[in-house]
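Have a look at the structure below before the remarks.
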Amino acid sequence: MNITNVVDAQKQYFKTGATLPISFRLAALKKLRKEITDQENAICEALHLDFKKPYFEAVITETSIILKELDEFISNLKSWSKTEKVTSSLLNFPSSAYIYKEPYGNTLVISPWNYPFQLAIAPLIGAVAAGNTVILKPSELTPHTANILSSIIAKVFDKGHVTVVQGDKNVSQELLSKVWDYVFFTGSVRVGTIVAKACAEHLTPVTLELGGKNPCIVHESAKIATTARRLVWGKFINAGQTCIAPDYILVHASIKKALVTALKKEIEAFYGSNPEQSPDFARISHKGNFERLSKMLKDSKLICGGTTNEEDLYISPTLLDEPALNSNAMETEIFGPILPIISYTTEEDIHKYVSHYHKPLSFYVFAEQKAFADKLLKKYSFGGGVKNDSIVHFVNKNLPFGGVGQSGMGAYHGKRSFETFSHKKSVVKRGTWIDIPLKYAPYKNKLKWIKSVLKWT
């Protein structure tokens with residue numbers, strides 16, 4: 001595929017104005033929804049072929065989220081797209097003022113391998129709904145999902161409107177060398193830095209959905225059984241390869257033993273005594289991540305788990321006991337089924353760990369003591385957080401999803417996806433039936449009058 005030709009074709013397509021009518025955008029979204037519905041089994045099969053993702057997880061974390069997002073856009077796109085009339089300035093009297101929502105133009109979406117369907121289509125929906133063209137670059141590390149994405153997009157869209165470009169990092173680099181009107185990237189901080197630099201070359205606006213060391217604080221007032229169950233679900237779904245998964249637990253020393261016992265009990269309840277045989281536990285998506293995670297186990301004290309199978313890219317649900325800050329598991333985001341358990345006794349201990357890292361994408365606190373939870377949720381900066389659960393904030397369409405600092409920039413989901421891919425154009429319409437001369441030269445004897453006017457505006 002000649003990337004230059006593909007990009008040029010989309011530039012020409014956008015110039016025709018074909019994507020501007022709301023009716024055109026709605027028709028495309030409805031067609032996309034039908035195709036995804038028709039292909040849902042094939043999508044789930046592709047995800048299973050790529051990393052043995054359970055069908056249940058494929059539905060609840062990939063296809064169902066996308067279908068609900070499409071429903072939201074189809075129901076609300078007309079109202080979101082309407083021109084907004086805003087209060088006019090007295091300085092412009094007589095006038096009226098408006099905000100127009102217009103597409104940026106030609107957009108690039110680069111999606112990751114951990115949720116290879118959902119995190120490819122979700123930003124694409126926002127871009128299409130806002131009237132842009134889209135080139136989607138899916139991850140080459142989940143090839144079966146990339147292929148079905150390519151098939152679906154080809155059936156739904158004209159190539160000039162939306163197309164999939166497959167390939168390795170060299171293809172991504174070539175795409176990033178082009179001039180775009182907007183870029184949306186989901187992935188690691190390391191690659192996000194590369195994307196940001198490429199966008200800076202052309203002053204291209206960009207959304208970066210990255211990650212970080214997401215802390216989970218468990219207070220002595222927490223309900224241990226419920227906490228353990230919700231943590232095992234949030235951490236080990238998708239084999240821990242979730243950017244908002246709890247990365248490490250800080251648990252009050254007085255309840256550490258009880259929490260560890262409960263966590264081990266829930267792991268077995270979820271996946272049996274041998275999780276490798278469980279149909280409900282996914283595999284590591286690719287060899288590179290498997291090797292990186294395996295190194296974390298070598299210098300760690302295991303509470304449970306630690307079993308690996310390189311041929312099957314399997315790492316068992318694993319709990320680590322009190323790893324040091326300079327250990328492999330605590331230096332970077334884990335992004336796998338490994339969960340460090342660290343005890344604390346004071347809030348200073350909590351601060352030592354949380355402040356050691358950049359602002360995380362997510363923050364979790366389990367506590368029945370309201371004042372403690374509220375204090376921490378207000379004290380620390382993070383992308384999104386939850387009290388008494390983990391990762392569930394992601395599914396609320398009314399909450400913006402995005403990071404802060406090194407965990408990302410920009411946000412999306414629901415209406416905010418439409419806003420992300422829309423330029424808000426300010427327009428003033430002035431009347432001509434009167435033209436007050438106060439602002440025009442010569443300015444002699446006008447200063448006191450203009451100061452009086454400014455006080456009223």
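FYI, side chains are in, hydrogens and waters are out, and symmetry mates aren't considered; it's all heavy atoms of this structure. In this text, all values refer to a predicted model and were calculated from it rather than measured experimentally.
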Donor-acceptor pair between [X] and [Y] side chains, under 3.5 angstrom:
X	Y	result
Y314	T307	no
N147	Q166	yes
E40	T63	yes

Under the side-chain contact (heavy atoms from CB on, under 4.5 Å) rule, what do F24 and H161 come out as? Steps first, then yes or no, please. CA-CA 11 Å; F24 174 86; H161 187 196; 3.4 Å; yes
Check whether [X] reaches the backbone of [Y] with its side chain - one donor and one acceptor, N or O, closer than 3.5 Å.
X	Y	answer
T318	S316	yes
K235	Y248	no
E331	L325	no
W80	K101	no
H202	T204	no
S422	E419	no
D50	L47	no
E57	N238	yes
N114	Q241	yes
T193	V189	yes

Result for side-chain contact (heavy atoms from CB on, under 4.5 Å) between V260 and one of V251, I303, I249 points to I303
One pair to check against ring-ring contact (aromatic ring centres under 6.0 Å, His included): H252 and Y344. What are the steps and the verdict? CA-CA 5 Å; H252 194 273; Y344 78 88; 5.3 Å; yes
Where [X] and [Y] come nearest, the two heavy atoms and their spacing:
X	Y	result
H393	S362	NE2-OG, 3.4 Å
Y364	A245	CE1-C, 4.3 Å
A411	E209	CA-OE2, 3.9 Å
I334	A329	CG1-O, 3.4 Å
K264	C304	CG-SG, 3.9 Å
P116	L149	O-CD1, 3.5 Å

Between [atom1] of [X] and [atom2] of [Y], what distance do you get to the nearest 0.5 Å?
X	Y	atom1	atom2	result
D299	N326	CG	CG	8.5 Å
N328	S300	CG	OG	7.5 Å
E35	L32	CD	CG	8.5 Å
N214	F335	CG	CZ	10.0 Å
D71	K397	CG	NZ	9.5 Å
F281	N274	CZ	CG	11.0 Å

Within the 4.5 Å heavy-atom criterion, are [X] and [Y] side-chain neighbours or not?
X	Y	answer
I284	P337	yes
E45	H144	no
S273	E268	yes
S151	K155	yes
M296	R292	yes
R25	F73	no
L231	F366	yes
F51	T142	yes

Do other residues, nucleotides or ligands put more than 12 heavy atoms under 6.0 Å from [X] [atom1]?
X	atom1	value
K223	NZ	no
H358	NE2	no
Y98	OH	yes

Qualifying residue for side chain to side chain donor-acceptor pair (under 3.5 Å) with Y115, from T145, T242, T186, T61: T242
Does the distance from a Lys or Arg side-chain N to an Asp or Glu carboxylate O, for [X] and [Y], drop under 4.0 Å?
X	Y	answer
E322	K256	yes
K415	E72	no
K387	D374	no

Please state whether the rings of F363 and F382 are parallel, tilted or perpendicular, taking 30° and 60° as the class boundaries. parallel
Please list, one pair per line, the donor and acceptor atoms closer than 3.5 Å that link side chains of residues 125-140 to other protein atoms, with sequence neighbours excluded.
unit_1	atom_1	unit_2	atom_2	d
N132	OD1	Y104	N	2.9
N132	OD1	G105	N	2.8
N132	ND2	A127	O	3.0
N132	ND2	F421	O	3.1
T133	OG1	Q10	OE1	3.4
T133	OG1	N106	ND2	2.8
K137	NZ	E140	OE1	3.3
K137	NZ	G167	O	2.9
S139	OG	L141	N	3.0

Please determine whether side-chain contact (heavy atoms from CB on, under 4.5 Å) holds for the pair F14 and D181, giving the CA-CA distance in whole Å, both sets of side-chain angles, and the decisive distance to 0.1 Å. CA-CA 11 Å; F14 183 75; D181 296 305; 5.7 Å; no
Show, in sequence, the C-alpha distance, side-chain angles and deciding distance for Y380 and S355, and conclude whether the side chain to side chain donor-acceptor pair (under 3.5 Å) test is met. CA-CA 9 Å; Y380 295 104; S355 64; over 6 Å; no
Evaluate the criterion side-chain contact (heavy atoms from CB on, under 4.5 Å) for residue pair R33 and L29; output intermediate values, then yes/no. CA-CA 6 Å; R33 192 193 191 289; L29 294 175; over 6 Å; no
Take L320 and L302 through the side-chain contact (heavy atoms from CB on, under 4.5 Å) test and state the conclusion after the steps. CA-CA 5 Å; L320 304 183; L302 300 178; 3.5 Å; yes
